[in-house]
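For reference, the structure is listed below as structure tokens.
Residue numbers start at 1 and run along the sequence shown. Note that ligands are numbered from 1 as they come in the structure, with each ligand's atoms numbered from 1 the same way. Computation of the quantities below employed the complete heavy-atom set of this structure, encompassing side-chain atoms and omitting hydrogens, waters and symmetry-equivalent molecules.
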Amino acid sequence: MGGYDVVIRNGTVATASDVMQCDVGIAGGKVVALARELGKGAIEVDAARKLVLPGGVDAHVHLDQPMPGGVQMADDFESGTRSAACGGTTTVIPFAAQEKGQSLMAAVEDYHRRASGKAVVDYAFHLIVSDPTETVLREELPELFRQGCTSFKVYMTYDRVRLNDRQMLDVLALARREGALTMVHAENSDSIGWLTELLERAGKTAPKYHAASHPPAIEREATHRAIMLSELVDVPILIVHVSGPEAIEQIRWARARGMRIYAETCPQYLFLTAGDLEGEGFEGAKCVCSPPPRDKASQEAVWDGLADGLFNIVSSDHAPFRYEDPKGKKLGGRDVAFRYIPNGIPGVETRMPLLYSAGVGGGRISLNRFVALTATDPAKMYGLYPRKGTIAIGADADIAVWDPNKEVTITNSVLHHNVDYTPYEGIKVKGWPVTTLSRGEVVWDNGRVTGKPGRGRFLKCELPDPARPKPARTVSR
Ligand code: DUC
Ligand code: ZN
Ligand code: ZN
């Protein structure tokens with residue numbers, strides 16, 4: 001067969017299960033051939049000495065999310081998806097967030113407007129449920145599931161959005177009935193509030209005290225409580241942004257009992273520590289996120305969980321706020337007390353290079369596992385597989401041509417987000433995407449952004465997802 005729109009030639013194609021030497025033939029935005037010596041393509045991409053990987057699926061990003069108190073996210077759908085494409089990610093899943101008192105349908109309509117005409121790569125929406133009224137539970141959520149928003153996040157902390165345990169049970173019961181997936185932000189809210197007041201009364205308001213106000217025990221307790229709530233309802237949940245061994249231990253405990261508890265972690269828990277919140281003066285604010293980064297031993301526990309199957313997915317939790325900005329980290333133009341620092345760090349572009357370099361390059365995870373964690377399993381988790389997350393006949397031609405030998409020192413100037421810093425400044429990595437294709441179109445090519453804003457499409461997630469794997473029953477230790 002000839003007449004391909006694109007042929008990616010002479011590369012090493014890797015999926016979550018295989019590594020093979022073959023060309024990739026693309027027509028109509030889909031992969032249509034995987035074989036050696038394919039006929040000519042209208043566009044030829046030379047992948048000799050390169051890896052040809054499924055484009056990343058970053059299943060936890062925050063873009064243009066409305067924020068309270070004069071805070072503004074730095075990335076909208078244009079800059080956020082541009083940055084994703086430059087980092088080898090071809091699908092992002094940000095959050096349509098419900099304010100208390102707001103209709104969830106209205107939040108989703110607003111979010112479609114924010115995305116419209118802007119995205120460079122494809123996107124789906126998770127929901128954030130902060131006000132599970134009768135209408136939300138009986139009418140809005142089932143309708144939104146039908147519209148392709150089949151996963152939602154609930155918070156056990158942050159006064160503005162958090163649910164109490166009874167509300168959690170209500171939404172979990174609905175998730176069970178409908179087959180939707182609940183993502184849980186697990187931290188104990190009252191304890192954070194109590195510790196925060198204690199620290200403030202002692203004059204301890206610098207950014208580093210954010211970590212002191214969110215110790216691991218707070219995450220451990222809430223993780224266990226979320227597991228218990230999921231057990232009562234008998235429904236799977238996904239614990240997001242797991243930061244260290246205390247929460248991991250709870251998840252191992254549940255898994256060893258056959259419970260369907262999925263787990264996500266993020267690069268900040270592999271590459272940063274609480275020490276990064278200390279910085280010069282207010283600089284530590286750049287690494288304020290929740291849960292906070294822990295210590296070196298915690299990083300090791302997270303690496304172990306990536307290698308042994310405890311973690312199902314690695315997402316960035318890209319939550320972009322500018323540092324020198326009165327609507328960002330320096331809220332109101334000042335070095336504010338830690339409780340007012342917007343929580344979150346950027347990372348949509350660095351997620352895959354960081355994990356590839358230290359994970360695959362560092363011999364901690366296989367290339368197949370890297371693909372599973374960054375693309376295939378998030379696509380399966382959220383009902384986008386096999387359209388997204390793999391290289392297979394009939395799949396969307398979302399592909400990262402990866403140079404495993406390209407050495408890059410991460411500095412903010414090499415990135416394409418709209419944030420004025422990266423928490424990974426100065427980290428050296430080996431391995432970087434040189435060309436990214438989205439539905440067969442080259443959107444990032446050797447240092448040039450070629451994808452036009454507005455070409456990215458909204459993706460409906462399937463419900464329920466029969467491909468969602470049962471979490472591995474890892475051994476408790
Ligand atoms: N914590 C969250 O819960 N969301 C965004 C970023 C963060 O730090
Ligand atoms: Zn969260
Ligand atoms: Zn988040």
Under the side-chain hydrogen bond (donor to acceptor under 3.5 Å, both in side chains) definition, can you give me all pairs with a residue in residues 128-137, not counting sequence neighbours? Glu134-Arg138
State whether a side-chain donor-acceptor pair under 3.5 Å links Glu349 with His416. yes
Between Glu300 and Lys296, does any side-chain N to carboxylate O distance fall below 4.0 Å? no
One thing to verify: whether Arg114 and Glu109 come together as a salt bridge, which I'm taking to mean a side-chain N less than 4.0 angstrom from a carboxylate O. no
Taking only residues two or more places apart in sequence, or in another chain, which ones meet Lys286 in a salt bridge (charged side-chain N to carboxylate O under 4.0 Å, His left out)? Glu283
Going by an N to O cut-off under 4.0 Å, is there a salt bridge joining Arg162 and Asp190? yes
Within the structure provided, determine whether His224 and Trp253 are in side-chain contact (heavy-atom separation under 4.5 Å). yes
Should the pair Tyr111 and Phe77 be assigned to parallel (<30°), tilted (30 to 60°) or perpendicular (>60°) ring geometry? perpendicular
Is Asp396 paired with Lys388 through a side-chain N to carboxylate O contact shorter than 4.0 Å? yes
Atoms of the protein (N/O/S only) found under 2.8 Å from the Zn ion (ligand 3): His60 NE2, His62 NE2, Asp317 OD1
For a quick check: using heavy atoms under 4.0 Å, what are the residues in contact with ligand 1, sorted by chain and number? His62, Lys153, Tyr155, Tyr158, His185, His241, Cys289, Ser290, Asp317, Ala319, Asn343, Gly344
